[in-house]
Amino acid sequence: MARDKAELFFRKLKDYYGKPGTALNYSNPFQLLIAVILSAQTTDKQVNKITPNLFSRYPTPEKMAGARSEELEKLIKGIGLYRNKTRALINCAKKIVNDFSGEIPDTREDLMSLPGVGRKSANVVLAVVFGKASFPVDTHVFRVSWRLGLTSGKTPDKVEEEITSIYPEEEWIVFHHLLISHGRTICKARKPLCPECPVGKDCPSYQSF
DNA sequence: AACTCGGGGCA
DNA sequence: TGCCCAGAGTT
């Protein structure tokens with residue numbers, strides 16, 4: 001039963017990694033959304049380097065919608081994929097202004113209609129900005145939950161469904177944090193450090209790759 | 001389903 | 001210094 005295993009792993013991981021830290025500190029919904037878009041394929045550290053200048057120049061959807069791409073590009077250059085993201089940011093801001101009256105939409109469907117916002121980013125915004133139950137499934141979540149035997153789905157949507165059925169909503173944030181921390185430090189994509197893993201031999205994937 | 005987009009981190 | 005890593009969009 002996945003739920004029994006989940007309880008055990010959850011406890012062990014929680015003992016090991018502790019409580020979630022504070023990662024995304026943008027209280028402004030628009031700025032948080034933009035920071036999330038910029039975070040794709042990068043780290044929060046990289047994003048935090050460029051956001052002060054970016055938001056100083058384009059603090060609102062209206063300002064960003066009117067940005068010249070050459071100018072905005074300079075402000076986010078240094079981060080990866082800057083051409084894609086420049087386009088996404090400007091088009092996203094325009095859509096917020098034109099289709100959503102300048103407000104950040106609060107449904108998954110509307111968020112995903114915004115350029116640069118996919119399934120994972122939409123769920124982050126729903127959770128962080130609107131406090132809605134949503135579980136962002138990134139590659140860490142996907143890989144770690146699969147190795148632990150908690151999920152078997154082959155698509156992120158399926159994994160999200162499986163994983164959210166295991167825990168009550170109140171524990172999602174902690175569990176999400178644990179999967180991410182674990183995926184980054186021990187349960188790495190290549191060369192996972194199984195001997196150091198707090199789950200150890202209870203993991204069905206222990207030393208099997 | 002496979003590929004692209006750019007730079008940081010680490011072997 | 002070259003390989004691996006992290007999402008969204010396009011074909």
Side-chain angles (χ1 to χ4, degrees), chain A residues 17 20-21 23-24 26 30-54 61 64 67 69-96 99-100 104-105 107-129 134-147 151-161 163-164 176-197 205 209:
Chain A
Y17 292 106
L24 286 160
Y26 299 91
F30 170 69
Q31 297 182 2
L32 179 113
L33 170 68
I34 297 303
V36 168
I37 292 173
L38 291 171
S39 300
Q41 298 291 100
T42 324
T43 60
D44 293 344
K45 190 179 166 191
Q46 295 306 305
V47 173
N48 290 335
K49 282 201 294 197
I50 61 170
T51 47
N53 285 337
L54 181 67
M64 193 171 283
S69 54
E70 299 79 17
E71 193 182 345
L72 194 153
E73 187 172 301
K74 280 188 194 134
L75 289 176
I76 71 168
K77 205 161 183 175
I79 201 177
L81 315 180
Y82 62 92
R83 270 187 281 258
N84 291 346
K85 288 175 180 177
T86 296
R87 221 178 20 245
L89 258 47
I90 293 174
N91 290 335
C92 177
K94 282 181 179 169
K95 181 145 193 175
I96 291 170
D99 296 358
F100 299 104
I104 308 306
T107 68
R108 178 173 162 125
E109 187 189 359
D110 284 346
L111 284 166
M112 286 183 67
S113 76
L114 299 173
V117 181
R119 183 197 60 255
K120 185 252 182 181
S121 297
N123 276 5
V124 172
V125 173
L126 285 175
V128 176
V129 174
S134 69
F135 205 104
V137 177
D138 61 8
T139 58
H140 292 305
V141 169
F142 193 99
R143 180 183 69 255
V144 175
S145 65
W146 183 84
R147 283 181 178 167
T151 58
S152 57
K154 292 186 169 55
T155 65
D157 280 334
K158 181 66 182 166
V159 169
E160 183 181 335
E161 183 190 322
I163 212 162
T164 52
H176 185 262
H177 155 253
L178 295 176
L179 293 180
I180 301 287
S181 302
H182 196 45
R184 285 215 291 233
T185 58
I186 291 179
C187 199
K188 302 186 291 184
R190 307 282 167 100
K191 299 190 205 161
L193 309 174
C194 294
E196 299 178 29
C197 177
S205 305
F209 24 79

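Sequence lines set the chain letters: A, B, ... in the order given, protein chains first and strands last, and positions in each chain run from 1.
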ask   = In terms of heavy-atom contacts, does CD of A/Glu70 have more than 12 from other residues, nucleotides or ligands at under 6.0 Å?
value = yes
ask   = With sequence neighbours excluded, what pairs up with A/Ser69 under the side chain to side chain donor-acceptor pair (under 3.5 Å) test?
value = none
task = Could you tell me whether A/Arg108 and A/Asp157 have a side-chain N and a carboxylate O separated by less than 4.0 Å?
result = yes
key: N/O donor-acceptor pair under 3.5 Å between A/Lys49 side chain and A/Ile79 backbone   = no
request  = Considering only atom P, compute the distance from C/dA6 to B/dA11 and round it to an integer number of Å.
outcome  = 16 Å
Atom P, compared across C/dC4 and B/dC3: separation rounded to whole Å = 15 Å
Test item: A/Thr86 side-chain N/O and A/Asn84 main-chain N/O as donor-acceptor pair under 3.5 Å = no
request  = Considering only atom P, compute the distance from C/dG9 to B/dG8 and round it to an integer number of Å.
outcome  = 23 Å
Between OG1 on residue A/Thr42 and NZ on residue A/Lys85, distance to nearest 0.5 Å = 3.0 Å
inquiry  = Taking the P atom in each of B/dG6 and C/dT11, what is the distance between them to the nearest angstrom?
reply    = 16 Å
key: Outermost DNA chain B nucleotides near chain A [under 4.0 Å, heavy atoms]   = B/dC5 to B/dG9
query = Taking 5' to 3' order, which nucleotide of DNA chain C is first and which is last to have an atom within less than 4.0 Å of a heavy atom in chain A?
reply = C/dC4 to C/dG9
key: ring-ring contact (aromatic ring centres under 6.0 Å, His included) partners of A/Tyr82, counting only residues at least two apart   = none
ask   = Which of these passes side-chain contact (heavy atoms from CB on, under 4.5 Å) with A/Leu33: A/Ile96, A/Val124, A/Val129?
value = A/Ile96
key: Closest-nucleotide 5' rank along DNA chain B - winner of A/Lys45 and A/Leu81   = A/Leu81
ask   = Contact class for A/Gly118 vs. all strands (heavy atom < 4.0 Å): base, sugar-phosphate, or nothing?
value = sugar-phosphate
ask   = Using a cut-off of 4.0 Å on non-hydrogen atoms, how would the nucleic acid contact of A/Thr43 be classed: base, sugar-phosphate, or nothing?
value = nothing
query = Just checking A/Arg184: base, sugar-phosphate only, or nothing, at a heavy-atom cut-off of under 4.0 Å?
reply = nothing
message = Just checking A/His182 against A/Tyr17, ring centres under 6.0 Å apart?
response = yes
message = Using 0.5 Å steps for rounding, measure from the CG atom of A/Asn91 to the CG atom of A/Leu114.
response = 10.5 Å
request  = Looking at every strand, decide which applies to A/Ile37 at a 4.0 Å heavy-atom threshold: base, sugar-phosphate, or nothing.
outcome  = nothing
task = Pick base, sugar-phosphate or nothing for A/Ile76, based on heavy-atom distances below 4.0 Å to the nucleic acid.
result = nothing
request  = Any side-chain hydrogen bond (donor to acceptor under 3.5 Å, both in side chains) involving residues 112-121 of chain A? Give me the pairs, sequence neighbours left out, ordered by first then second residue.
outcome  = none
note = Within residues 83-92 of chain A, those residues having any heavy atom closer than 4.0 Å to DNA chain C are none
